[in-house]
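Structure, as structure tokens:
Counting starts at 1 for both ligands and their atoms, in listed order. Nothing here was measured: the structure is a model prediction, and the numbers come from that model.
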Amino acid sequence: MSQSILKFLLPDAEATKSLGFILGQRCLPGTTILLEGDLGAGKTTLVQGIGSGLAIAESIVSPTFTLIVEYLEGRIPLYHLDLYRLDPREVSGLNLESYWEGTETEPGLVAIEWAERLPYKPDDYLRLVLTHQEEGRQAELIPVGDFNLDALMPLAIE
Ligand SMILES: Nc1ncnc2c1ncn2[C@@H]1O[C@H](COP(=O)(O)OP(=O)(O)OP(=O)(O)O)[C@@H](O)[C@H]1O
Ligand SMILES: [Mg+2]
């Protein structure tokens, strides 16, 4: 069954956070969200919203230099990754699939910035593409494999 793609206009950073908040509230353990978008497109902002939606009180900072930050205090664990500083060859040595397969970690929500750099991907994930607009950003939500967008509905961003 082919599912449709969702597109949103996010007029400001609060709207980006609201979209993330809903994802954080509704995603099940074992969900992977692959974030794509240029520098400053709003990927970290979206993950901050996810953190609020998961009821994580700790502030979420960009893991550009740390690669991975794990937040374990929310409804389900949040694993926040940023591959900006790596090339695909380096990424392949990191065994990142253990995050989405939940083999070495408790299944949670895996959110990966600069997912364009992943040489391998999960079978099922939400592809979330952020693009700069004249004002604000556009978000495209593209379900891949068995990822079920319907489970996130209704998605009204304020
Ligand atoms: N919908 C939006 N409209 C306008 N500004 C936004 C929107 N969403 C986020 N921003 C702003 O864009 C800036 C960059 O956001 P952010 O750091 O989340 O981007 P990023 O994609 O993670 O960047 P990087 O590529 O460096 O990781 C921030 O100042 C943020 O507040
Ligand atoms: Mg970022």
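Donor-acceptor pairing under 3.5 Å is lacking for the side chains of Y84 and E116.
Nearest heavy-atom pair, V47 versus A111, reported as atom, atom and distance to 0.1 Å: CG2-CB, 4.0 Å. Here the closest non-hydrogen pair linking A115 and L34 is CB-CB, 3.5 Å. Nearest approach of P107 to P29, heavy atoms of both residues: O-CB, 3.7 Å. The two residues L149 and S4 have their closest heavy-atom pair at CD1-O, 3.3 Å. Across every non-hydrogen atom of L72 and P77, the tightest pair is CD2-CB, 3.8 Å.
Short contacts between ligand 1 and L39, defined as distances under 4.0 Å to a heavy atom of the residue, involve ligand atoms 25 (O), 26 (O). The contact set between ligand 1 and A41, taken as ligand atoms under 4.0 Å from a residue heavy atom, comprises 19 (O), 20 (P), 21 (O). The contact set between ligand 1 and W114, taken as ligand atoms under 4.0 Å from a residue heavy atom, comprises 25 (O), 27 (O). If you number the atoms of ligand 1 from 1 as listed, the ones under 4.0 Å from a heavy atom of E113 come out as 22 (O), 27 (O). If you number the atoms of ligand 1 from 1 as listed, the ones under 4.0 Å from a heavy atom of G42 come out as 9 (C), 15 (O), 16 (P), 18 (O), 19 (O), 20 (P), 21 (O). Near G136, with a cut-off below 4.0 Å to any heavy atom, the atoms of ligand 1 are 3 (N), 4 (C). With ligand atoms numbered from 1 in the order given, ligand 1 contributes 1 (N), 2 (C), 3 (N) to contacts under 4.0 Å with heavy atoms of L10.
Among residues two or more places apart in sequence or in another chain, the side chain to side chain donor-acceptor pair (under 3.5 Å) test is passed with T44 by E113.
The shortest contact between atom 8 (N) of ligand 1 and any protein heavy atom is with T16 OG1, 2.8 Å. Of the protein's non-hydrogen atoms, the one nearest atom 12 (O) of ligand 1 is R137 NH2, 3.0 Å. In this structure, the protein non-hydrogen atom closest to atom 31 (O) of ligand 1 is A13 CB, 3.4 Å. In this structure, the protein non-hydrogen atom closest to atom 16 (P) of ligand 1 is T45 OG1, 3.6 Å. Nearest to atom 21 (O) of ligand 1 among the protein's heavy atoms is K43 NZ, 2.7 Å. When only non-hydrogen protein atoms are considered, atom 2 (C) of ligand 1 lies nearest to D12 C, 3.2 Å.
Linking Ile, Leu, Val, Met, Phe, Trp and Tyr residues whenever their side-chain heavy atoms come within less than 4.5 Å places Y71 and L46 in a single cluster. Hydrophobic clustering (ILVMFWY, side-chain heavy atoms < 4.5 Å, transitive): I60 and F65 are in distinct clusters. Under the 4.5 Å side-chain contact rule for hydrophobic residues, I50 and L10 share a cluster. Linking Ile, Leu, Val, Met, Phe, Trp and Tyr whenever their side-chain heavy atoms come within less than 4.5 Å leaves F21 and L126 in two separate clusters. Residues L130 and L155 fall within the same hydrophobic cluster, defined by Ile, Leu, Val, Met, Phe, Trp and Tyr side chains chained together at heavy-atom separations under 4.5 Å.
In this structure, atom 26 (O) of ligand 1 is in close contact with the protein, since a protein heavy atom lies within 4.0 Å of it.
In this structure, Y84 has no heavy atom closer than 4.0 Å to ligand 1. Assignment of G40 to the shell around ligand 1 is supported, since a heavy atom sits closer than 4.0 Å.
In E135, neither the side chain nor the backbone holds a heavy atom less than 4.0 Å from any atom of ligand 1. Counting heavy atoms under 4.0 Å from ligand 1, residue T44 touches it through both backbone and side chain. Residue contacts with ligand 1 for P11 involve N, CA, C or O but no side-chain atom from C-beta outward (heavy atoms, distance under 4.0 Å).
Side-chain contact between L152 and C27 is present, with heavy atoms from C-beta onward closer than 4.5 Å. A 4.5 Å side-chain heavy-atom check between T131 and Q133 finds at least one atom pair inside the cut-off. No side-chain heavy atom of L81 sits under 4.5 Å from any side-chain heavy atom of W114.
The aromatic ring centres of F147 and Y125 sit 6.0 Å or more apart.
In terms of N/O distances under 3.5 Å, ligand 1 is not approached by L46. In terms of polar-atom proximity, S62 is not counted as a contact of ligand 1, lacking any N or O under 3.5 Å from an N or O of the ligand.
Protein atoms of type N, O or S found under 2.8 Å from the Mg ion (ligand 2) total 2.
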